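None of these values were measured; they are calculated from a predicted model. Within every chain, numbering begins at 1; the chains are lettered A, B, ... in the order of the sequence lines, protein sequences first and strands thereafter.
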Amino acid sequence: MGFNWNWEFTWEILPKLMHATLNTLMAAGFGYAIAVVLGMVFALAQRTPYWVLTKVVREFIEFIRSTPLILQIFFVYYVGPQFGLKLGPWTAGMIAIGLHYSAYLSEVYRGGLDAVPKGQWEACTALNMSTRDTYWRIVIPQAIPPALAGMGNYLVGIFKDTPMLSVIGVAELMHTANAIGSSSYRYLEPYTLVGIIFLAISLPTAALIRVFEDRVRRKLGLK
Amino acid sequence: MMEDLSNYPLELTGDNVPMVRFLKVTKRYGDLVVLDQLDLDVAEGEMVTIIGPSGSGKTTVLRMLMTLETINEGVIYVDGKPLTHMEKNGKLVPADRKYLRKARSQIGMCFQHFNLFPHMTALENCMEGPVQVLGMKKAEARERAEELLELVGMSDKRDQHPSRLSGGQQQRVAIARALAMRPKVMLFDEVTSALDPEVIGEVTNVIRSLVEKHNLTMLMVTHQMGFAKDISDRVCFFFDGKIEEQGAPEDLFGNPQKERTQQFLSAVKEAD
(Lines give C-alpha, C1' and ligand atoms only; values in the text may rest on other atoms or scores of the structure.)
Protein backbone atom coordinates (compact mmCIF):
# COMPACT_ATOMS: atom_id res chain seq x y z
CA MET A 1 0.00 0.00 0.00
CA GLY A 2 1.65 3.16 -1.06
CA PHE A 3 0.93 6.80 -0.53
CA ASN A 4 -0.44 7.80 -3.86
CA TRP A 5 -1.30 11.46 -4.27
CA ASN A 6 -2.57 12.43 -7.70
CA TRP A 7 -1.92 16.13 -8.43
CA GLU A 8 -3.75 16.10 -11.70
CA PHE A 9 -6.86 14.81 -9.98
CA THR A 10 -6.37 17.36 -7.21
CA TRP A 11 -6.45 20.30 -9.65
CA GLU A 12 -9.43 18.78 -11.37
CA ILE A 13 -11.60 18.59 -8.29
CA LEU A 14 -10.42 21.81 -6.62
CA PRO A 15 -12.87 24.13 -8.46
CA LYS A 16 -15.77 21.89 -7.45
CA LEU A 17 -14.67 21.94 -3.84
CA MET A 18 -14.13 25.69 -3.87
CA HIS A 19 -17.63 26.13 -5.14
CA ALA A 20 -18.91 23.86 -2.37
CA THR A 21 -16.92 25.95 0.10
CA LEU A 22 -19.14 28.90 -0.78
CA ASN A 23 -22.16 26.81 0.15
CA THR A 24 -20.50 25.79 3.39
CA LEU A 25 -19.79 29.43 4.25
CA MET A 26 -23.32 30.38 3.34
CA ALA A 27 -24.77 27.62 5.51
CA ALA A 28 -22.58 28.63 8.43
CA GLY A 29 -23.40 32.32 7.89
CA PHE A 30 -27.16 31.90 7.67
CA GLY A 31 -27.25 29.40 10.49
CA TYR A 32 -25.18 31.69 12.68
CA ALA A 33 -27.32 34.72 11.86
CA ILE A 34 -30.39 32.79 12.99
CA ALA A 35 -28.59 31.63 16.12
CA VAL A 36 -27.32 35.11 17.05
CA VAL A 37 -30.79 36.63 16.94
CA LEU A 38 -32.78 33.69 18.27
CA GLY A 39 -30.21 33.08 21.02
CA MET A 40 -30.77 36.61 22.31
CA VAL A 41 -34.54 36.10 22.15
CA PHE A 42 -34.16 32.91 24.22
CA ALA A 43 -31.85 34.63 26.70
CA LEU A 44 -34.20 37.58 27.17
CA ALA A 45 -37.28 35.35 27.34
CA GLN A 46 -35.78 33.69 30.40
CA ARG A 47 -35.63 37.04 32.17
CA THR A 48 -39.28 37.99 31.79
CA PRO A 49 -41.60 37.86 34.80
CA TYR A 50 -43.81 35.30 33.00
CA TRP A 51 -42.69 32.10 34.64
CA VAL A 52 -44.44 29.78 32.19
CA LEU A 53 -42.55 31.31 29.27
CA THR A 54 -39.31 31.24 31.22
CA LYS A 55 -39.78 27.60 32.11
CA VAL A 56 -40.74 26.51 28.59
CA VAL A 57 -37.75 28.28 27.03
CA ARG A 58 -35.42 26.87 29.69
CA GLU A 59 -36.59 23.31 29.06
CA PHE A 60 -36.44 23.77 25.31
CA ILE A 61 -32.82 24.92 25.53
CA GLU A 62 -31.94 21.98 27.76
CA PHE A 63 -33.62 19.63 25.31
CA ILE A 64 -31.71 21.00 22.34
CA ARG A 65 -28.39 20.92 24.15
CA SER A 66 -28.92 17.36 25.29
CA THR A 67 -29.72 15.81 21.92
CA PRO A 68 -27.41 15.39 18.90
CA LEU A 69 -27.45 17.95 16.14
CA ILE A 70 -27.64 15.25 13.51
CA LEU A 71 -30.86 13.94 15.05
CA GLN A 72 -32.33 17.42 15.02
CA ILE A 73 -31.41 17.82 11.35
CA PHE A 74 -33.06 14.50 10.47
CA PHE A 75 -36.05 15.35 12.56
CA VAL A 76 -36.77 18.69 10.93
CA TYR A 77 -36.20 17.31 7.44
CA TYR A 78 -37.87 13.89 7.62
CA VAL A 79 -40.42 14.21 10.44
CA GLY A 80 -41.40 17.78 9.62
CA PRO A 81 -43.48 16.76 6.58
CA GLN A 82 -45.68 14.52 8.79
CA PHE A 83 -46.72 17.68 10.58
CA GLY A 84 -47.29 19.47 7.30
CA LEU A 85 -43.88 21.15 7.44
CA LYS A 86 -42.37 20.26 4.11
CA LEU A 87 -39.02 21.97 3.74
CA GLY A 88 -36.18 21.80 1.25
CA PRO A 89 -32.80 20.54 2.52
CA TRP A 90 -31.40 24.05 2.77
CA THR A 91 -34.30 25.50 4.74
CA ALA A 92 -34.56 22.47 7.00
CA GLY A 93 -30.81 22.50 7.54
CA MET A 94 -30.70 26.20 8.40
CA ILE A 95 -33.58 25.84 10.84
CA ALA A 96 -32.01 22.84 12.55
CA ILE A 97 -28.49 24.19 12.84
CA GLY A 98 -29.74 27.73 13.66
CA LEU A 99 -31.96 26.43 16.45
CA HIS A 100 -29.22 24.18 17.76
CA TYR A 101 -26.69 26.94 18.05
CA SER A 102 -29.21 29.48 19.34
CA ALA A 103 -29.57 27.25 22.40
CA TYR A 104 -25.82 27.46 22.99
CA LEU A 105 -25.60 31.17 22.21
CA SER A 106 -28.46 31.93 24.59
CA GLU A 107 -26.32 30.47 27.37
CA VAL A 108 -23.41 32.67 26.33
CA TYR A 109 -25.67 35.73 26.33
CA ARG A 110 -27.14 34.71 29.66
CA GLY A 111 -23.69 34.77 31.20
CA GLY A 112 -23.04 38.20 29.70
CA LEU A 113 -26.39 39.58 30.85
CA ASP A 114 -25.93 38.23 34.36
CA ALA A 115 -22.51 39.84 34.53
CA VAL A 116 -23.88 43.37 34.11
CA PRO A 117 -23.64 44.86 37.61
CA LYS A 118 -26.80 45.56 39.58
CA GLY A 119 -25.76 49.19 39.86
CA GLN A 120 -26.28 49.64 36.12
CA TRP A 121 -29.91 48.58 36.45
CA GLU A 122 -30.35 50.88 39.41
CA ALA A 123 -28.85 53.79 37.49
CA CYS A 124 -31.39 53.12 34.74
CA THR A 125 -34.22 53.19 37.26
CA ALA A 126 -32.85 56.40 38.76
CA LEU A 127 -32.86 57.92 35.26
CA ASN A 128 -36.39 56.58 34.85
CA MET A 129 -35.50 54.63 31.70
CA SER A 130 -37.98 52.18 30.22
CA THR A 131 -37.24 48.45 30.41
CA ARG A 132 -36.70 48.43 26.67
CA ASP A 133 -34.15 51.26 26.72
CA THR A 134 -32.50 49.72 29.76
CA TYR A 135 -31.88 46.48 27.87
CA TRP A 136 -31.24 47.89 24.46
CA ARG A 137 -29.03 50.85 25.31
CA ILE A 138 -27.39 49.93 28.60
CA VAL A 139 -27.49 46.24 29.45
CA ILE A 140 -27.06 44.47 26.10
CA PRO A 141 -24.13 46.68 24.95
CA GLN A 142 -22.35 45.73 28.16
CA ALA A 143 -23.37 42.06 27.96
CA ILE A 144 -21.98 41.54 24.45
CA PRO A 145 -18.24 42.22 24.93
CA PRO A 146 -17.76 39.52 27.59
CA ALA A 147 -19.87 37.19 25.42
CA LEU A 148 -17.78 37.77 22.28
CA ALA A 149 -15.21 35.06 23.01
CA GLY A 150 -17.96 32.47 23.46
CA MET A 151 -19.82 33.77 20.42
CA GLY A 152 -16.64 33.40 18.38
CA ASN A 153 -16.13 29.83 19.50
CA TYR A 154 -19.61 28.94 18.34
CA LEU A 155 -19.07 30.67 15.01
CA VAL A 156 -16.15 28.34 14.37
CA GLY A 157 -18.24 25.53 15.84
CA ILE A 158 -21.20 26.02 13.51
CA PHE A 159 -18.79 26.21 10.57
CA LYS A 160 -17.28 22.87 11.53
CA ASP A 161 -20.73 21.33 12.03
CA THR A 162 -22.01 22.21 8.55
CA PRO A 163 -20.81 18.83 7.14
CA MET A 164 -23.69 17.27 9.07
CA LEU A 165 -26.02 18.98 6.63
CA SER A 166 -24.67 16.64 3.96
CA VAL A 167 -26.87 13.89 5.41
CA ILE A 168 -29.97 15.60 4.06
CA GLY A 169 -28.33 16.55 0.79
CA VAL A 170 -27.12 20.10 1.27
CA ALA A 171 -24.38 20.47 -1.30
CA GLU A 172 -21.70 21.76 1.03
CA LEU A 173 -18.06 20.66 1.18
CA MET A 174 -18.49 17.24 2.73
CA HIS A 175 -21.36 16.34 0.48
CA THR A 176 -19.32 17.31 -2.58
CA ALA A 177 -16.24 15.43 -1.37
CA ASN A 178 -18.35 12.33 -0.81
CA ALA A 179 -19.82 12.62 -4.27
CA ILE A 180 -16.36 12.96 -5.82
CA GLY A 181 -15.17 9.95 -3.85
CA SER A 182 -17.99 7.68 -4.79
CA SER A 183 -17.77 8.51 -8.49
CA SER A 184 -13.98 8.32 -8.80
CA TYR A 185 -13.13 5.88 -6.01
CA ARG A 186 -10.47 8.32 -4.87
CA TYR A 187 -10.98 9.59 -1.31
CA LEU A 188 -7.52 10.75 -0.30
CA GLU A 189 -7.46 13.97 -2.30
CA PRO A 190 -11.04 15.22 -1.73
CA TYR A 191 -11.02 14.55 2.03
CA THR A 192 -7.55 15.99 2.47
CA LEU A 193 -8.59 19.11 0.61
CA VAL A 194 -11.72 19.44 2.72
CA GLY A 195 -9.58 19.26 5.85
CA ILE A 196 -7.18 21.89 4.54
CA ILE A 197 -10.01 24.19 3.52
CA PHE A 198 -11.62 23.92 6.96
CA LEU A 199 -8.31 24.62 8.63
CA ALA A 200 -7.56 27.54 6.32
CA ILE A 201 -10.84 29.18 7.29
CA SER A 202 -11.12 28.25 10.98
CA LEU A 203 -7.70 29.41 12.09
CA PRO A 204 -7.78 32.96 10.67
CA THR A 205 -11.41 33.33 11.78
CA ALA A 206 -10.48 32.54 15.37
CA ALA A 207 -7.66 35.08 15.18
CA LEU A 208 -9.95 37.70 13.63
CA ILE A 209 -12.50 37.18 16.38
CA ARG A 210 -9.87 38.00 19.00
CA VAL A 211 -8.93 41.21 17.16
CA PHE A 212 -12.60 42.12 16.78
CA GLU A 213 -13.28 41.47 20.46
CA ASP A 214 -10.43 43.74 21.42
CA ARG A 215 -11.65 46.52 19.12
CA VAL A 216 -15.21 46.31 20.42
CA ARG A 217 -13.99 46.62 23.99
CA ARG A 218 -11.92 49.63 23.08
CA LYS A 219 -14.75 51.23 21.15
CA LEU A 220 -17.15 50.81 24.06
CA GLY A 221 -14.58 52.25 26.45
CA LEU A 222 -14.42 49.01 28.40
CA LYS A 223 -10.67 48.68 28.01
CA MET B 1 -54.05 40.14 52.85
CA MET B 2 -53.91 43.64 51.48
CA GLU B 3 -52.87 46.38 53.82
CA ASP B 4 -55.66 48.69 54.97
CA LEU B 5 -54.67 52.12 53.69
CA SER B 6 -57.91 53.93 54.42
CA ASN B 7 -56.21 56.06 57.07
CA TYR B 8 -53.75 57.46 54.56
CA PRO B 9 -54.73 60.54 52.53
CA LEU B 10 -55.01 60.20 48.75
CA GLU B 11 -52.92 63.32 48.48
CA LEU B 12 -51.49 65.93 50.77
CA THR B 13 -53.16 69.32 50.74
CA GLY B 14 -52.85 72.53 52.71
CA ASP B 15 -50.27 75.24 53.12
CA ASN B 16 -47.23 73.29 54.18
CA VAL B 17 -47.16 70.29 51.92
CA PRO B 18 -43.70 68.77 52.29
CA MET B 19 -41.71 67.80 49.21
CA VAL B 20 -41.23 64.35 50.67
CA ARG B 21 -43.25 62.60 53.33
CA PHE B 22 -42.73 59.13 54.73
CA LEU B 23 -45.91 58.15 56.54
CA LYS B 24 -45.55 55.17 58.87
CA VAL B 25 -43.30 53.38 56.41
CA THR B 26 -42.12 49.92 57.33
CA LYS B 27 -39.59 47.87 55.40
CA ARG B 28 -38.79 44.28 56.20
CA TYR B 29 -36.44 41.72 54.70
CA GLY B 30 -38.04 38.51 55.88
CA ASP B 31 -38.13 38.77 59.65
CA LEU B 32 -35.66 41.59 59.80
CA VAL B 33 -37.32 44.97 60.26
CA VAL B 34 -35.12 47.51 58.50
CA LEU B 35 -37.39 50.49 58.96
CA ASP B 36 -40.06 50.60 61.58
CA GLN B 37 -43.06 52.91 61.09
CA LEU B 38 -40.89 55.70 59.79
CA ASP B 39 -42.31 59.22 59.70
CA LEU B 40 -40.10 61.74 57.96
CA ASP B 41 -40.90 65.03 56.22
CA VAL B 42 -38.53 66.95 54.01
CA ALA B 43 -39.54 70.48 53.06
CA GLU B 44 -39.00 71.95 49.62
CA GLY B 45 -35.43 73.16 49.28
CA GLU B 46 -34.36 71.50 52.49
CA MET B 47 -31.10 69.59 52.84
CA VAL B 48 -31.54 66.68 55.19
CA THR B 49 -28.66 64.42 56.13
CA ILE B 50 -29.09 60.94 57.51
CA ILE B 51 -26.39 59.54 59.76
CA GLY B 52 -26.17 56.44 61.86
CA PRO B 53 -24.43 53.12 62.30
CA SER B 54 -24.47 50.65 59.41
CA GLY B 55 -27.57 48.50 59.32
CA SER B 56 -29.69 51.29 60.75
CA GLY B 57 -31.73 51.64 57.56
CA LYS B 58 -30.19 54.89 56.29
CA THR B 59 -29.58 53.78 52.72
CA THR B 60 -32.90 51.96 52.60
CA VAL B 61 -34.66 55.30 53.09
CA LEU B 62 -33.09 56.64 49.90
CA ARG B 63 -33.58 53.42 47.97
CA MET B 64 -37.29 53.33 48.78
CA LEU B 65 -37.65 56.92 47.70
CA MET B 66 -35.94 56.09 44.39
CA THR B 67 -38.35 53.12 44.10
CA LEU B 68 -35.40 50.71 44.02
CA GLU B 69 -37.03 48.95 46.97
CA THR B 70 -40.69 48.36 47.63
CA ILE B 71 -42.14 49.10 51.03
CA ASN B 72 -44.14 46.76 53.23
CA GLU B 73 -46.35 49.23 55.06
CA GLY B 74 -47.17 52.90 54.90
CA VAL B 75 -47.10 55.40 52.08
CA ILE B 76 -44.44 57.72 50.69
CA TYR B 77 -45.60 61.02 49.20
CA VAL B 78 -43.61 63.25 46.88
CA ASP B 79 -44.80 66.78 46.24
CA GLY B 80 -48.12 65.90 47.83
CA LYS B 81 -48.84 62.91 45.61
CA PRO B 82 -48.34 59.30 46.62
CA LEU B 83 -45.20 57.71 45.19
CA THR B 84 -45.48 54.12 46.31
CA HIS B 85 -49.21 53.95 45.75
CA MET B 86 -51.79 55.25 43.36
CA GLU B 87 -55.44 56.06 43.56
CA LYS B 88 -57.92 53.55 42.24
CA ASN B 89 -61.64 54.00 42.82
CA GLY B 90 -60.98 56.43 45.63
CA LYS B 91 -58.57 54.09 47.39
CA LEU B 92 -54.82 53.78 47.57
CA VAL B 93 -53.43 50.66 45.94
CA PRO B 94 -49.77 49.73 45.28
CA ALA B 95 -48.44 51.67 42.31
CA ASP B 96 -48.11 49.82 39.02
CA ARG B 97 -45.11 50.17 36.69
CA LYS B 98 -46.68 52.87 34.61
CA TYR B 99 -47.53 55.00 37.62
CA LEU B 100 -44.09 54.46 39.12
CA ARG B 101 -42.39 55.69 35.98
CA LYS B 102 -44.34 58.91 36.14
CA ALA B 103 -43.97 59.37 39.88
CA ARG B 104 -40.26 58.70 40.12
CA SER B 105 -39.40 61.21 37.41
CA GLN B 106 -39.15 63.88 40.12
CA ILE B 107 -36.36 62.09 41.91
CA GLY B 108 -32.69 61.78 41.03
CA MET B 109 -30.03 59.74 42.75
CA CYS B 110 -26.27 59.46 43.02
CA PHE B 111 -24.76 56.20 44.18
CA GLN B 112 -21.79 55.17 46.27
CA HIS B 113 -20.23 53.40 43.27
CA PHE B 114 -21.27 56.07 40.70
CA ASN B 115 -22.85 53.53 38.33
CA LEU B 116 -21.94 55.51 35.24
CA PHE B 117 -22.57 53.75 31.94
CA PRO B 118 -19.08 52.47 31.02
CA HIS B 119 -19.72 52.31 27.28
CA MET B 120 -20.61 55.98 27.05
CA THR B 121 -18.52 59.12 27.42
CA ALA B 122 -19.15 61.57 30.25
CA LEU B 123 -21.20 63.72 27.90
CA GLU B 124 -23.20 60.78 26.57
CA ASN B 125 -23.90 59.66 30.12
CA CYS B 126 -25.47 63.05 30.78
CA MET B 127 -27.44 63.05 27.52
CA GLU B 128 -28.85 59.54 27.75
CA GLY B 129 -31.72 60.28 30.12
CA PRO B 130 -32.81 63.59 28.60
CA VAL B 131 -32.81 62.18 25.04
CA GLN B 132 -34.26 58.72 25.70
CA VAL B 133 -36.58 59.47 28.61
CA LEU B 134 -37.51 63.14 28.34
CA GLY B 135 -37.50 63.07 24.55
CA MET B 136 -35.22 66.10 24.35
CA LYS B 137 -33.59 66.99 21.02
CA LYS B 138 -29.96 65.86 20.87
CA ALA B 139 -28.58 69.36 20.33
CA GLU B 140 -30.51 70.70 23.28
CA ALA B 141 -29.53 67.77 25.50
CA ARG B 142 -25.90 68.23 24.53
CA GLU B 143 -25.98 71.91 25.39
CA ARG B 144 -27.56 71.17 28.73
CA ALA B 145 -25.14 68.32 29.46
CA GLU B 146 -22.21 70.61 28.67
CA GLU B 147 -23.55 73.22 31.08
CA LEU B 148 -23.91 70.65 33.82
CA LEU B 149 -20.46 69.20 33.25
CA GLU B 150 -19.17 72.75 33.50
CA LEU B 151 -21.04 73.12 36.78
CA VAL B 152 -19.30 70.08 38.24
CA GLY B 153 -15.97 71.08 36.72
CA MET B 154 -15.76 68.21 34.26
CA SER B 155 -15.98 70.06 30.91
CA ASP B 156 -12.49 69.10 29.84
CA LYS B 157 -13.19 65.39 30.36
CA ARG B 158 -16.54 65.28 28.62
CA ASP B 159 -15.38 62.95 25.84
CA GLN B 160 -13.72 60.47 28.17
CA HIS B 161 -15.20 57.13 29.12
CA PRO B 162 -15.65 56.46 32.85
CA SER B 163 -12.75 53.98 32.84
CA ARG B 164 -10.44 56.92 32.14
CA LEU B 165 -11.74 58.98 35.06
CA SER B 166 -10.84 58.94 38.75
CA GLY B 167 -13.47 58.10 41.33
CA GLY B 168 -14.01 61.74 42.22
CA GLN B 169 -14.36 62.67 38.57
CA GLN B 170 -16.81 59.83 37.96
CA GLN B 171 -18.92 60.91 40.89
CA ARG B 172 -19.04 64.49 39.60
CA VAL B 173 -20.21 63.23 36.21
CA ALA B 174 -22.81 61.09 38.01
CA ILE B 175 -24.11 64.20 39.77
CA ALA B 176 -24.35 66.02 36.43
CA ARG B 177 -26.13 63.03 34.92
CA ALA B 178 -28.73 63.02 37.71
CA LEU B 179 -29.23 66.78 37.48
CA ALA B 180 -29.78 66.55 33.73
CA MET B 181 -33.15 64.93 34.45
CA ARG B 182 -34.22 68.09 36.36
CA PRO B 183 -35.33 66.27 39.50
CA LYS B 184 -37.07 68.10 42.32
CA VAL B 185 -35.47 65.84 44.88
CA MET B 186 -31.85 64.69 44.80
CA LEU B 187 -30.62 61.72 46.76
CA PHE B 188 -26.95 61.21 47.63
CA ASP B 189 -26.19 57.73 48.90
CA GLU B 190 -22.75 57.69 50.53
CA VAL B 191 -21.35 59.43 47.48
CA THR B 192 -17.91 59.90 49.04
CA SER B 193 -17.56 56.51 50.72
CA ALA B 194 -15.82 54.83 47.79
CA LEU B 195 -13.46 57.73 47.14
CA ASP B 196 -9.83 58.21 48.04
CA PRO B 197 -9.52 60.81 50.81
CA GLU B 198 -7.77 63.37 48.61
CA VAL B 199 -10.65 63.58 46.09
CA ILE B 200 -13.54 63.71 48.55
CA GLY B 201 -13.32 67.50 48.59
CA GLU B 202 -14.00 67.87 44.87
CA VAL B 203 -17.30 66.02 45.28
CA THR B 204 -18.40 67.67 48.50
CA ASN B 205 -17.66 71.06 46.95
CA VAL B 206 -20.02 70.30 44.10
CA ILE B 207 -22.76 69.32 46.53
CA ARG B 208 -22.04 72.40 48.61
CA SER B 209 -22.47 74.65 45.58
CA LEU B 210 -25.76 72.91 44.76
CA VAL B 211 -26.99 73.66 48.26
CA GLU B 212 -25.94 77.27 48.02
CA LYS B 213 -27.09 78.10 44.52
CA HIS B 214 -30.02 75.82 43.76
CA ASN B 215 -33.29 75.33 45.46
CA LEU B 216 -33.15 71.56 45.29
CA THR B 217 -34.59 69.32 47.95
CA MET B 218 -31.85 66.95 49.01
CA LEU B 219 -31.51 63.87 51.11
CA MET B 220 -28.03 62.63 51.84
CA VAL B 221 -26.61 59.61 53.61
CA THR B 222 -23.02 60.17 54.66
CA HIS B 223 -20.31 59.14 57.07
CA GLN B 224 -18.64 62.52 56.88
CA MET B 225 -19.85 64.28 59.95
CA GLY B 226 -17.97 67.50 59.27
CA PHE B 227 -19.54 67.84 55.86
CA ALA B 228 -22.98 66.97 57.22
CA LYS B 229 -22.61 69.62 59.92
CA ASP B 230 -21.55 72.24 57.38
CA ILE B 231 -24.23 71.98 54.80
CA SER B 232 -27.33 70.34 56.28
CA ASP B 233 -30.48 72.14 57.35
CA ARG B 234 -31.34 69.16 59.45
CA VAL B 235 -29.59 65.98 60.55
CA CYS B 236 -31.40 62.75 61.38
CA PHE B 237 -29.67 60.12 63.46
CA PHE B 238 -30.99 56.67 62.58
CA PHE B 239 -30.78 53.76 64.95
CA ASP B 240 -32.44 50.38 64.55
CA GLY B 241 -34.78 51.42 61.79
CA LYS B 242 -36.01 54.51 63.58
CA ILE B 243 -35.06 58.16 63.83
CA GLU B 244 -33.51 58.23 67.27
CA GLU B 245 -32.88 61.95 67.22
CA GLN B 246 -33.04 64.80 64.74
CA GLY B 247 -32.39 68.49 64.68
CA ALA B 248 -30.34 71.36 63.34
CA PRO B 249 -26.73 70.26 62.82
CA GLU B 250 -25.33 72.53 65.53
CA ASP B 251 -27.78 71.07 68.05
CA LEU B 252 -27.41 67.44 67.09
CA PHE B 253 -23.65 67.53 66.86
CA GLY B 254 -23.12 70.13 69.60
CA ASN B 255 -25.59 68.97 72.16
CA PRO B 256 -27.02 65.53 71.44
CA GLN B 257 -29.83 64.56 73.83
CA LYS B 258 -30.07 60.82 73.46
CA GLU B 259 -27.50 58.43 74.81
CA ARG B 260 -27.22 56.46 71.57
CA THR B 261 -26.56 59.62 69.63
CA GLN B 262 -23.83 60.59 72.04
CA GLN B 263 -22.26 57.15 71.83
CA PHE B 264 -22.35 57.13 68.05
CA LEU B 265 -20.91 60.62 67.71
CA SER B 266 -18.09 59.99 70.16
CA ALA B 267 -17.28 56.68 68.45
CA VAL B 268 -17.12 58.44 65.08
CA LYS B 269 -14.97 61.21 66.55
CA GLU B 270 -12.48 58.69 67.90
CA ALA B 271 -12.23 56.99 64.55
CA ASP B 272 -11.46 60.28 62.78
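Interatomic distance, CZ of A:Arg217 versus OG of B:Ser163, reported as 12.0 Å (0.5 Å rounding). Within the model, atoms OG1 of A:Thr125 and CZ of B:Arg101 stand 10.0 Å from one another, a figure rounded to the nearest 0.5 Å. Separating the CD atom in B:Gln132 from the CZ atom in A:Arg137 is a distance of 4.0 Å, to the nearest 0.5 Å. Atom CG of A:Leu127 and atom SG of B:Cys126 lie 9.5 Å apart (nearest 0.5 Å).
Residue contact with chain A, scored on non-hydrogen atoms closer than 4.5 Å, involves the backbone and the side chain of B:Arg177 alike. Proximity to chain B involves both the backbone and the side chain of A:Gln120, based on heavy atoms less than 4.5 angstrom apart. Interface remark: B:Met66 contributes backbone and side-chain atoms alike to the contact with chain A (heavy atom separation under 4.5 Å). Only the side chain of B:His161 has a heavy atom closer than 4.5 Å to any heavy atom of chain A. Of the atoms belonging to B:Ile107, it is backbone heavy atoms, and not side-chain ones, that fall under 4.5 Å from chain A. With a 4.5 Å cut-off on non-hydrogen atoms, B:Leu116 touches chain A through its backbone but not through its side chain. If you measure heavy-atom distances from A:Lys118 to chain B, the contacts under 4.5 Å come from the side chain alone. Heavy atoms of B:Glu128 lying under 4.5 Å from chain A belong exclusively to its side chain.
Open room surrounds CZ on A:Phe83; 12 or fewer heavy atoms of other groups in view lie less than 6.0 Å from it. Enclosure of atom CZ in A:Arg65 by more than 12 non-hydrogen atoms of other residues, nucleotides or ligands within 6.0 angstrom is indicated. Other residues, nucleotides and ligands contribute at most 12 non-hydrogen atoms within 6.0 Å of the CZ atom of A:Phe212. At most 12 non-hydrogen atoms from other residues, nucleotides or ligands lie less than 6.0 angstrom from CD of B:Glu143. When the shell of 6.0 Å around CZ of A:Phe30 is examined, it contains 12 or fewer heavy atoms from other residues, nucleotides or ligands. Summarising the local packing, CD of B:Glu87 is surrounded by more than 12 heavy atoms from other residues, nucleotides or ligands at distances under 6.0 Å. By the neighbour-count criterion of 12 heavy atoms within 6.0 Å, atom NE2 of A:His19 is sparsely surrounded, having that number or fewer from other residues, nucleotides or ligands. For CZ of B:Arg142, the number of neighbouring non-hydrogen atoms (other residues, nucleotides, ligands) closer than 6.0 Å is 12 at most.
Contact between A:Ala123 and B:Phe117 at its shortest, heavy atoms only, is CB-CE2, 3.9 Å.
Looking at B:Met120 and A:Ile138, their side chains come closer than 4.5 Å, going by heavy atoms from C-beta outward. B:Arg63 is listed as a side-chain neighbour of A:Glu122, based on a closest heavy-atom distance under 4.5 Å.
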Going through the checks in order, is the side-chain contact (heavy atoms from CB on, under 4.5 Å) test met by A:Thr131 and B:Arg97?
CA-CA 10 Å; A:Thr131 308; B:Arg97 287 160 72 99; 2.8 Å; yes

